[in-house]
Structure formats: structure tokens, C-alpha cells
Amino acid sequence: QVQLIESGGGLVQAGDSLRLSCTFSGPTFGSTFSHYAMAWFRQAPGKERGFVAAISASGDNTEYADSVRGRFTISRDNAKNTVHLQLNLLNDEDTAVYFCAARLVSLSSAVPTSRYYDWGRGTQVTVSS
């Protein structure tokens, strides 16, 4: 069973930066971290959880929501079973709980933006204006 643990959230001011991390462990049936596409989603108060960014299993391809493109950067370290999300130029609309997600993929270059089945518990990001 996959386990995902997020860290790095906090309270920051508008314009500041944060770096979120997600540690991956526990896959079964011979799969490893390098077989999983990884993504970040977020859920603001009173809103549904939405896609933020994703990275392919190989790390070669990425996708971003329009609202964060150019400000956020997703990356992964397959040697350390970790995925990161660098958040720059934060504004109050970025306030949310950020969730890490994993999806086993057959194509290492694929970057799915939905249908993730393994989730972390989330880390809170609060931006004060």
C-alpha cells in the first residue's frame, strides 16, 4: 500500500515562496516510485479539491493548472522517493490544503491530471495579504 506524507506548508505573506515535499513509501507487487506519476492537488475552504501540478514517472514531463503556471514548479527525485512543489509569488488565492497524489502508470512519460488513487493527508498553506 502506498503511503504519502506531505510537509513544508505554513503561513506566509503574499509574494513569498514555499517548498512542499512529499515522501513516497510502501508500494506493492514489485512497483517502485519510478513507476508512479505524481501530482499535487489543493482544496481551499468551501471549494472542491482541484489539480495543481503533475509530473511523469520519468520526471521528463510536467503539467500545471493555468492558475499556477509560471509560479509553481513540480519536481521529483526518484533516488529519494520524493516529489516537491516549489511555490513562488504566492497570493491569497493559493491558500488551501495541498495534497500529494500518486498514480501507477504503464507509460513513464504520461502526465495524468486526474484519476489518482493514492493520497496523502495534506499540508496547509496559508497566504496572508
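Heads up: numbering here begins at 1 and tracks the sequence. Since the model is a prediction, treat every value here as computed from it, not as a measurement.
- Smallest separation of non-hydrogen atoms from Leu20 and Trp40: CB-CH2, 3.7 Å.
- Looking only at distances, a side-chain donor or acceptor of Arg103 sits under 3.5 Å from a matching main-chain atom of Ser114.
- With rounding to the nearest 0.5 Å, the separation of CD1 in Ile55 from OG in Ser75 is 6.0 Å.
- Hydrophobic clustering (side-chain heavy atoms under 4.5 Å, transitive across Ile, Leu, Val, Met, Phe, Trp, Tyr) keeps Phe24 apart from Tyr116.
- If you chain together hydrophobic residues whose side chains sit under 4.5 Å apart, Leu87 and Val97 never meet in one group.
- To the nearest 0.5 Å, atom OG1 of residue Thr23 and atom CG of residue Asp77 are 10.5 Å apart.
- Between Leu90 and Arg71, the closest heavy-atom pair is CA-NH1, 4.0 Å.
- Panel note: side chain Asn78, backbone Ala57; a donor-acceptor pair is recorded below 3.5 Å.
- Under the disulfide (SG to SG under 2.5 Å) criterion, the residue pairs touching residues 82-129 are Cys22-Cys100, with sequence neighbours excluded.
- With sequence neighbours excluded, no residue forms a side chain to side chain donor-acceptor pair (under 3.5 Å) with Ser25.
- Ring geometry for Phe51 against Phe41 counts as perpendicular: the plane angle is over 60°, on a 0 to 90° scale with 30° as the lower cut.
- The two atoms that bring Ser31 and Leu104 nearest to each other are CB-CD1, 4.0 Å, heavy atoms only.
- Residues Phe33 and Val83 approach most closely at CZ-N, 4.3 Å, considering heavy atoms.
- A distance of 9.0 Å separates CG in Leu11 from CG in Leu18, rounded to the nearest 0.5 Å.
- Panel note: side chain Ser58, backbone Ser108; a donor-acceptor pair is recorded below 3.5 Å.
- Counting only heavy atoms from C-beta outward, the side chains of Trp119 and Arg49 approach each other to under 4.5 Å.
- Using a distance-only test at 3.5 Å, with no hydrogens or angles considered, a donor-acceptor pair links the side chain of Tyr64 to the main chain of Ile74.
- Remark: the backbone N or O of Gln86 is not paired with any side-chain donor or acceptor of Arg19 at under 3.5 angstrom.
- Note on Tyr36: it does not cluster hydrophobically with Val111, by side-chain heavy-atom contacts below 4.5 Å among ILVMFWY residues.
- Side-chain contact annotation: Ser21 with His84, donor-acceptor N/O pair under 3.5 Å present.
- More than 12 heavy atoms of other residues, nucleotides or ligands lie within 6.0 Å of CD in Gln124, so this atom counts as buried by the packing criterion.
- At most 12 non-hydrogen atoms from other residues, nucleotides or ligands lie less than 6.0 angstrom from CZ of Arg121.
- Listed for the Arg76 side chain is a donor-acceptor partner under 3.5 Å among the backbone atoms of Ser56.
- Residues Phe72 and Val52 share a closest heavy-atom pair of CD2-CG1, 3.8 Å.
- Using a distance-only test at 3.5 Å, with no hydrogens or angles considered, no donor-acceptor pair links the side chain of Ser17 to the main chain of Asn88.
- Across all their heavy atoms, Asp118 and Val2 have their closest contact at CG-CB, 3.7 Å.
- Atoms CE and OG1, on Met38 and Thr82 in that order, are 9.0 Å from each other to the nearest 0.5 Å.
- Here the CD-CG distance, from Gln13 to Asp92, works out to 12.5 Å after rounding to the nearest 0.5 Å.
- A cation-pi geometry, defined here as NZ or CZ lying under 6.0 Å from the six-membered ring centre and within 45° of its normal, does not hold between Arg42 and Phe99.
- Side-chain N or O atoms of Ser109 include none that pairs as donor or acceptor with a backbone N or O of Leu107 at under 3.5 Å.
- Val12 and Val68 end up in the same hydrophobic cluster when Ile, Leu, Val, Met, Phe, Trp and Tyr side chains are linked at under 4.5 Å.
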